[in-house]
Amino acid sequence: MQKNPASTASALNPQPTPPLPTARSALLARLAQPTQYDLAVIGGGATGLGIALDAASRGFSVVLLESEDFAKGTSSRSTKLVHGGVRYLAQGNISLVHEALHERATSLRNAPHLAQPLAFLMPCYKYWEIPFFGAGLIMYDALAGKRGLGHTKFLGARQTQDTLGNIRAEGLKGSVQYWDGQFDDARLSIALARTAAQHGALLLNYCKVTELIHVDGKVAGLHAEDRETGQHVEVKARCVINATGVWVDAIRQLEQQNTDRKINDIIAPSQGVHIVVDKKFLPGDRAIIVPHTTDGRVLFAVPWLGKVIIGTTDTPRHDLSREPDPFKEELDFILNESARYLKLAPTRADVLSIWVGLRPLVKPAEDSGLNTKKISREHTVLISPGKLVTVTGGKWTTYRAMAHDALQHCFTAGLLPERTPSKTENLPLVGAQQHQDVAHPMSQAPGLAAYGDEAATVNALPGAEHQLGGGLTEAMVRFAGRYEYARHVEDVLARRSRLLFLDAKLAESLAATVGAILQEETGLDPEIEAFEALAKHYQQLPQ
Ligand SMILES: Cc1cc2nc3c(=O)[nH]c(=O)nc-3n(C[C@H](O)[C@H](O)[C@H](O)COP(=O)(O)OP(=O)(O)OC[C@H]3O[C@@H](n4cnc5c(N)ncnc54)[C@H](O)[C@@H]3O)c2cc1C
C-alpha cells in the first residue's frame, strides 16, 4: 500500500507567502549595491540552488549567479527519479543508499506538488530472479524504515501483464514491485530558487561569472557579466562556492592567476540520453526498471507528465557542449533494450523528444593531481589554496545533503562563521506552504497541480482559461515571466513547463504564442527563432 507523504510541515504555515516578483531591473539594481555578501554561489543547478537555500535560511547574505537559465545544465535532464538508488545497494554502498532514502523522504515532504512516490516493477524472465531481486528490494524497504513509501511485493506473470499493460509475455515469470520517487527536476530547481529568494537570497540567471577577485591571495568575490546588457558586475563575498556541475574546472582555472601550481581538471563527463514516447508504450502508472541491460546498466521506463521517459545511457565525453548531441549507438541501445521488454516497442518514428545530460563524474585524486577530499563516493568538496570552494558530483536526490556538507566545509575552513543549524529538513518549498492533497499523480498530463498552493494565484492572472496546448495556459506563461525568472521562450517551454522534453514538435508549434505573451510581461525579445531551432534539435535523431 502506498503511503501519502504529503506535507505536514506545511500545516504550520496556513497561508502561502505571496509570490515575490522577479523583475530583472530590480534584481540588477540590488546587485549593483556595494554589499559585502557572506556567500557567493556560482551555478544555479540543484547543487548551487540547494546551497543558496541552506545558507539563506541560516541567515547568511547570499548571492547566486547562473550563466544561463536556472537548471539549464544537468539539473533539468535527469531521469526524474528521487530515489535511494537500488544500483548502489547492489554495489553494497549501504550508507549512500541510507542517506539518499532519507533525502527522498525529505523532498517528498517539502515539495509534494513536485516530488511523489512511484511504484517500479522489475520484470523477471528467469525464476531465480524473483527471489534474488526480491531479497535486495526487501532490504531496500528495511533501509527506508519509517520513511518507506510502500512495501515490496511479488506479482505473478498475469498480474504483471495486467499492471503494466505492454510487457512482453513470452517467458515472463512475474515481477517484483517496489516504491521510489519521481519529480519534476526543473520545476524543483525554480522552487528552490524562489524559496531561497524568500529567505533573502539574491539570485540572477543569465549572469555569467568571468573572473574571481583575489585579496591577499584569497578569493574575495567575483566579476560577472549580465548577459542581457553586457554590463559588468562586481560582487564581494567572504566565501565563494563553485557549484557549476560539469563546468567546475573552468571556474577552477580562473584561480590560475593566483597560483604558480598547475590546476588539473577533475571532471570526466559522461553523457546520458533519454527518449520520450507516447503513454501507449507504458499505459499504467507504474515504471519499469531493468536492472541488467546487455551493457550492464540499469534502464528505466518511467511514466512522467502524461508521456514515458526511457533511458539512460552512460557514454564518456570530452567536450562540454551546452546541448550535446546523442549518438546513434545510444538511441539504438535504448530502442533495442525497450524491444526486449515491451510487447509494442517504440521505433525511431515514435520518439517525441530526445535529450542529453552530462554527469559531472569526478576523476580519482591521483588522476587530477590535486589533494581532493572525497566526502563520499558520490560528491566531492574541495577547497583550493586560494579558498575557492568547489562542490560537484553526487545526484539530484541528495542535493540538500550536499549543500549541508559544502557549508560544513566552509565553517571548518573558517570561511563562514558557524551559525544556526540547517533548517532545510523541514522547510516547505514554494507551492507547498499550505497543506495539500496530492491528488494529481505526476505520471499524468501536466497542469495546475505543479503549482501546488500557488495554483489559485496563477489562475488569478489574465488568460487562466486560455489553453495554449500541452497543459500550458496563458496565465502560466505570465506567472513564469513575473515570478519565476523566465526571460526567453526556452525558459518557459523547457523548464517552467516541460513541453520541450515531452513533445518537442508541440513545443516548437507554441513558440510564437508563448513568446508574444512573455514579451508583454518582460519587454524583452523572447528569442523565438532560437527556441524553434532548439526544438528541432530535440526532434533530430542521430543517423
Ligand atoms: C542522464 C542523467 C540522469 C540523471 N538522473 C538522475 C536521477 O534520476 N536522480 C538523481 O537524483 N540524479 C540524477 N542525475 C544526477 C543529477 O542530475 C546531477 O547530479 C545534478 O543535476 C547536478 O547538478 P549541478 O547543480 O551540480 O550541475 P548543473 O545542473 O549542471 O548546474 C551547474 C550550473 O552552473 C552553471 N554555470 C556554469 N558555468 C558558469 C559560470 N561561469 N557562471 C555562472 N554559472 C555557470 C551552468 O549553466 C549550470 O546551470 C542524472 C544525471 C544525468 C546526467
Side-chain angles (χ1 to χ4, degrees), residues 40-52 63-85 87-88 96 100 103-104 107 115 118 180-183 185-186 188-189 192-193 203-212 222-225 227 233 235 240-254 267 269-274 287 289 297-298 300 302 304 309 311-315 317 320 322 324 326 330 355-362 378-380 390-403 406 495:
V41 182
I42 314 174
T47 308
L49 293 167
I51 292 169
V63 61
L64 180 147
L65 301 181
E66 161 58 51
S67 61
E68 309 280 323
D69 184 24
F70 301 119
K72 160 83 179 178
T74 308
S75 294
S76 57
R77 299 151 191 266
S78 77
T79 314
K80 327 296 179 207
L81 304 180
V82 49
H83 59 161
R87 181 159 38 124
Y88 305 108
L96 185 62
E103 292 307 319
R104 179 185 78 175
S107 285
L118 177 69
D180 238 325
Q182 74 174 156
F183 73 129
D185 49 9
L188 192 68
S189 303
L192 286 171
L203 302 99
L204 211 65
N205 48 1
Y206 296 104
C207 197
K208 180 177 179 170
V209 173
T210 50
E211 270 179 63
L212 297 174
L222 49 83
H223 293 286
E225 182 195 313
R227 299 228 357 243
V233 174
V235 174
V240 177
I241 298 186
N242 170 16
T244 51
V246 286
W247 296 278
V248 285
D249 286 323
I251 299 292
R252 291 176 58 251
Q253 294 301 341
L254 297 177
I267 292 293
S270 154
Q271 84 172 18
V273 172
H274 293 93
I289 173 171
R297 273 191 60 79
V298 175
F300 292 100
V302 181
W304 190 68
I309 300 175
T312 176
T313 57
D314 199 347
T315 313
R317 239 195 128 129
L320 290 174
R322 285 285 172 182
E330 294 181 301
W355 31 278
V356 183
L358 298 176
R359 284 183 196 84
L361 299 184
V362 178
E378 274 291 277
H379 73 269
T380 297
T390 294
V391 51
T392 191
K395 56 181 183 170
W396 231 121
T397 307
T398 52
Y399 78 90
R400 209 186 58 84
M402 289 169 66
R495 290 172 292 275

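No hydrogens, no waters, no symmetry mates; every other heavy atom, side chains included, goes into these values. For ligands, and for the atoms within them, numbers begin at 1 and follow the listed sequence.
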Numbering the atoms of ligand 1 from 1, which are under 4.0 Å from a heavy atom of [X]?
X: Gly272; result: 1 (C)
X: Gly43; result: 33 (C), 34 (O), 35 (C), 44 (N)
X: Lys80; result: 8 (O)
X: His274; result: 1 (C), 3 (C)
X: Ala243; result: 32 (C)
X: Leu65; result: 43 (C), 44 (N)
X: Thr312; result: 1 (C)
X: Ile251; result: 41 (N)

Which part of [X] is near ligand 1, with near meaning a heavy atom under 4.0 Å away: side chain, backbone, both or neither?
X: Trp396; result: both
X: Ser76; result: neither
X: Leu49; result: neither
X: Leu81; result: both
X: Gln271; result: neither
X: His379; result: neither
X: Leu358; result: backbone

Starting from [atom], what is the nearest protein heavy atom, named by residue and atom, and what distance separates them?
atom: atom 38 (N) of ligand 1; value: Thr244 CG2, 3.7 Å
atom: atom 35 (C) of ligand 1; value: Glu66 OE1, 3.2 Å
atom: atom 30 (O) of ligand 1; value: Thr74 N, 3.0 Å
atom: atom 42 (N) of ligand 1; value: Val209 N, 3.1 Å
atom: atom 45 (C) of ligand 1; value: Ser67 OG, 3.3 Å
atom: atom 31 (O) of ligand 1; value: Gly45 CA, 3.5 Å
atom: atom 53 (C) of ligand 1; value: Arg359 CG, 3.2 Å

[X], any N or O under 3.5 Å of ligand 1 N or O:
X: Ala46; result: yes
X: Thr47; result: yes
X: Thr397; result: yes
X: Thr79; result: yes

*With a 4.5 Å limit on heavy-atom distance, are the side chains of Thr380 and Val391 in contact?*
no
*For residues Lys395 and Tyr88, determine if any side-chain heavy atom of one lies less than 4.5 Å from a side-chain heavy atom of the other.*
yes
Mark yes or no for whether [X], through its side chain, and [Y], through its backbone, hold a donor-acceptor pair below 3.5 Å.
X: Thr244; Y: Gly43; answer: no
X: Thr47; Y: Thr392; answer: no
X: Ser75; Y: Ala46; answer: yes
X: Thr210; Y: His223; answer: yes
X: Glu66; Y: Asn205; answer: no
X: Ser76; Y: Ala71; answer: yes
X: Trp396; Y: Ser78; answer: no

Any chance you could measure [X], atom [atom1], to [Y], atom [atom2], to the nearest 0.5 Å?
X: Gln271; Y: Leu358; atom1: CD; atom2: CG; value: 6.5 Å
X: Leu49; Y: Leu203; atom1: CG; atom2: CG; value: 6.5 Å
X: Leu192; Y: Phe70; atom1: CG; atom2: CZ; value: 11.0 Å
X: Ile309; Y: Gln182; atom1: CD1; atom2: CD; value: 7.5 Å

*asked:* Under 3.5 Å, is there a donor on one side chain and an acceptor on the other for Glu330 and Thr315?
replied: yes
*Go through the side-chain N and O atoms of His379 and Thr398 and say whether any donor and acceptor fall under 3.5 Å apart.*
no
From the options [options], select the one whose nearest heavy atom is closest to [atom].
atom: atom 46 (C) of ligand 1; options: Glu68, Arg322, Lys72; answer: Arg322
atom: atom 20 (C) of ligand 1; options: Ser75, Gly394, Gly84, Gly50; answer: Ser75
atom: atom 13 (C) of ligand 1; options: Ser78, Gly393, Gly357, Gly245; answer: Ser78

*Would you say Val246 contacts ligand 1, with heavy atoms under 4.0 Å as the rule?*
no
*Residue pairs passing the salt bridge (charged side-chain N to carboxylate O under 4.0 Å, His left out) test where at least one lies in residues 74-83, sequence neighbours excluded*: Arg77-Glu323, Lys80-Asp185
*Trp247 ring centre to Arg252 NZ or CZ under 6.0 Å, with the angle to the axis within 45°?*
no
